[in-house]
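Only heavy atoms go into these numbers, but all of them, side chains included; no hydrogens, no water, no symmetry mates. Chain letters run A, B, ... following the sequence lines, proteins first, then strands; residues in each count from 1. Predicted, not measured: the structure shown is a model, and the values here were computed from it.
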2 protein chains.
Amino acid sequence: MPTLRSRAKASRRDALLAAAAELFARSGFNGVSIEDLGAAVGVSGPAVYRHFTGKQAVLTALLVGASDDLMTGGQAVVDAAADAPGALAALVRFHVRFALDNPDVIRVQDRDLGSLPDTDRHRVRALQRAYVELWVSVLGQVHPSTPVTLLRMRAHATFGLINSTPHSAAAASAPAETVRALLEEMALAALTPR
Amino acid sequence: MPTLRSRAKASRRDALLAAAAELFARSGFNGVSIEDLGAAVGVSGPAVYRHFTGKQAVLTALLVGASDDLMTGGQAVVDAAADAPGALAALVRFHVRFALDNPDVIRVQDRDLGSLPDTDRHRVRALQRAYVELWVSVLGQVHPSTPVTLLRMRAHATFGLINSTPHSAAAASAPAETVRALLEEMALAALTPR
DNA sequence: GAATTAGGTTAGTCAGCACTAACTGAAATG
DNA sequence: CATTTCAGTTAGTGCTGACTAACCTAATTC
């Protein structure tokens with residue numbers, strides 16, 4: 001039964017995670033203090049320890065959550081696709097949408113992964129690897145004659161392309177729909193061996 | 001006249017910058033101590049202050065140097081090109097080579113730029129903007145009917161693609177020449193409006 | 001409604017780290 | 001060769017920041 005207190009706690013935890021994404025993205029994991037994080041949600045400092053065992057635990061929750069969402073969501077769109085080319089297009093759409101919707105998390109993911117404790121870092125990396133292999137397997141069906149190694153490099157570079165949006169604040173200079181379409185087109189072009 | 005001491009000093013400074021690139025790339029600016037940096041070149045801690053006024057000054061030298069090299073080198077290859085399509089191909093070749101030769105600097109550049117003091121950060125950003133506009137101007141000649149805003153977004157995303165190599169250690173899994181050719185091909189494909 | 005739980009508070013504690021002080025010895029200078 | 005310069009040393013200093021202690025109060029439990 002969801003008691004008043006437990007719901008308050010859950011929403012505070014969510015607020016902390018959201019604030020952490022924003023703060024870590026702006027200043028880096030090491031540039032944000034527990035005090036800053038608490039202040040961002042209106043509590044002060046040590047209250048954070050009522051929700052997370054420590055600063056690293058906040059980062060862990062954020063990054064495990066993100067790579068989990070990517071993996072789960074990617075698997076879902078592939079399962080829903082009719083054929084391999086359709087799956088690839090769906091993956092591109094899905095990833096572009098994710099990057100545009102969660103620029104902060106994307107930024108933290110490839111900037112502060114190294115600040116995770118070993119165990120958690122390996123967990124996140126395992127999820128990321130699985131996600132890459134999902135792409136590689138679809139790519140392999142669409143381009144059967146291309147060596148898997150090359151397809152894996154293509155996938156990595158394409159993530160770099162799509163994930164760069166958070167870096168270029170230029171995204172704000174055009175309507176979101178235009179940006180989305182452009183990134184999808186570029187990603188597909190980059191993925192296709194000529 | 002280059003005295004014995006002055007040459008020793010210059011080479012120590014170079015060694016410090018090289019070590020800084022590597023350490024900052026691995027652990028982030030805030031994750032590296034002055035002590036670490038000194039130790040990496042065989043001196044201990046405060047000796048660094050004989051070469052740089054402070055920790056931030058090391059980062060400044062590193063990043064201003066890098067964006068300067070990019071801008072200067074980019075301008076040179078454009079000037080040397082026979083026509084616009086040639087200039088674009090040369091820019092791609094130049095940038096891919098730079099990223100593969102200086103993965104640490106690339107990583108530090110887009111991870112720790114925010115740790116620079118305001119003045120220096122603006123200086124680096126100005127150089128980066130000029131470099132982007134160099135690309136945009138060449139792209140504008142090759143694709144005159146495409147709005148400049150879209151070309152700028154393409155340039156940014158292409159940098160993300162090329163600069164992602166340092167992130168994916170996968171680079172080690174194939175011969176350097178293969179990686180280089182693949183990145184060049186992907187970059188050109190991504191840059192070309194279909 | 002008394003007892004307990006738990007999210008919050010403020011006031012430490014302790015470690016790490018950027019930077020300074022004081023000094024040393026060898027190269028540079030005249 | 002006497003003097004100065006300067007890259008290095010070790011020993012602080014002061015601040016920041018993660019985390020702990022002790023306590024307080026209101027929601028939960030029985």
Inset, instruction - Take A:H51 and A:R12, measure what side-chain hydrogen bond (donor to acceptor under 3.5 Å, both in side chains) needs, and give me the verdict at the end. - result: CA-CA 8 Å; A:H51 302 274; A:R12 170 111 330 152; 5.3 Å; no

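- Using a 4.0 Å cutoff on non-hydrogen atoms, no part of residues 28-42 of chain B comes near DNA chain D.
- In this structure, B:K9 atom NZ and D:dT5 atom P are separated by 14 Å, rounded to whole Å.
- Here A:R129 does not pair with A:E133 in a salt bridge; the nearest charged N to carboxylate O distance is not below 4.0 Å.
- Residues A:R111 and A:S27 come closest through the heavy atom pair NH2-C, 3.9 Å.
- In summary, A:R121 and A:D118 engage in a salt bridge, as defined by a charged side-chain N under 4.0 Å from a carboxylate O.
- When atom types are taken as modelled, the side chain of A:R154 and the backbone of A:A190 share a donor-acceptor pair closer than 3.5 angstrom.
- Of the residues in residues 43-60 of chain B, those placing a heavy atom less than 4.0 Å from an atom of DNA chain D are B:V43, B:S44, B:P46, B:A47, B:R50, B:H51, in numerical order.
- The ring pair (Phe, Tyr, Trp, His ring centres under 6.0 Å) test applied to A:F29 returns A:F24, not counting sequence neighbours.
- When all heavy atoms of B:A25 and B:V108 are compared, the pair lying nearest together is N-CG2, 3.5 Å.
- Here the side chain of B:Q109 pairs no donor or acceptor atom with the backbone of B:A66 at under 3.5 angstrom.
- Contact check, B:R12 against D:dG8: a side-chain N or O comes under 4.0 Å of OP1 or OP2.
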